[in-house]
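Heads up: the structure comes next, in structure tokens.
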Amino acid sequence: MERPLDQSPQPAVALQLTPEVEEKKKKKKKKKKKKEGFFGKAVGRLVLGSADAMAQMGEAFSSAAEKYRRKHEKSREKKPAGWRSDIGSNVASAASKLIKESAKAPVKLVEALVDGDKKKKKKKKQQAEAAEAEMAVLLPTTAPLVDKT
């Protein structure tokens, strides 16, 4: 005599007979990174370049002030009023230092605008080197032909 599934002595068997419903997990879509256009890249480079240029100007002012301070102290050690007589040459020396150092600022700005993305350049260089190494493996090296006549 057969028993219905409800009266089965082994409830686990009854559970196994029921079909399992598997839920499919939805895959999360990767967020796409927005690509900057030409204008966005140019503005970014300009901002970074101007930041580098301003940092260079700050360093120039700092080094010029330090040079003036050293000269001023040296002049004061000579005579108590020695700094007054040497002020013209001390300021000129500091101004010369300022001009030399600050002349590097426009170069920093132009480098940032022209150089572009350094990571991309580095990657391209590595790819070119890898291609050259691959070609060197594929092409056997031969000794140069020497004419012995």
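Bear in mind the structure is a predicted one, so any value in this text is a computation, not a measurement. For the numbers below, each heavy atom of this structure counts, side chains included, while hydrogens, waters and symmetry mates do not.
Within the model, atoms NZ of Lys67 and NZ of Lys100 stand 6.5 Å from one another, a figure rounded to the nearest 0.5 Å. A distance of 11.0 Å separates OG of Ser62 from CG of Leu98, quoted to the nearest 0.5 Å. Atom OG of Ser63 sits about 8.0 Å away from atom CD of Glu59, to the nearest 0.5 Å.
Considering Glu66, Glu73, His72 in turn, Glu66 is the only one that fulfils the side chain to side chain donor-acceptor pair (under 3.5 Å) rule with Arg69.
Closest heavy-atom contact between Lys71 and Ser93: CE-OG, 3.3 Å. Of all heavy-atom pairs spanning Ala53 and Leu109, the tightest one is CB-CB, 4.3 Å. The heavy-atom pair separating Ser102 from Ala60 by the smallest distance is N-CB, 3.6 Å. Taking every heavy atom of both residues into account, Gln56 and Glu101 meet most closely at NE2-O, 3.2 Å. Between Trp83 and Ser75, the closest heavy-atom pair is CA-CB, 3.7 Å.
Taking a cutoff of 4.0 Å between a charged side-chain nitrogen and a carboxylate oxygen, Lys74 and Asp86 do not qualify as a salt bridge.
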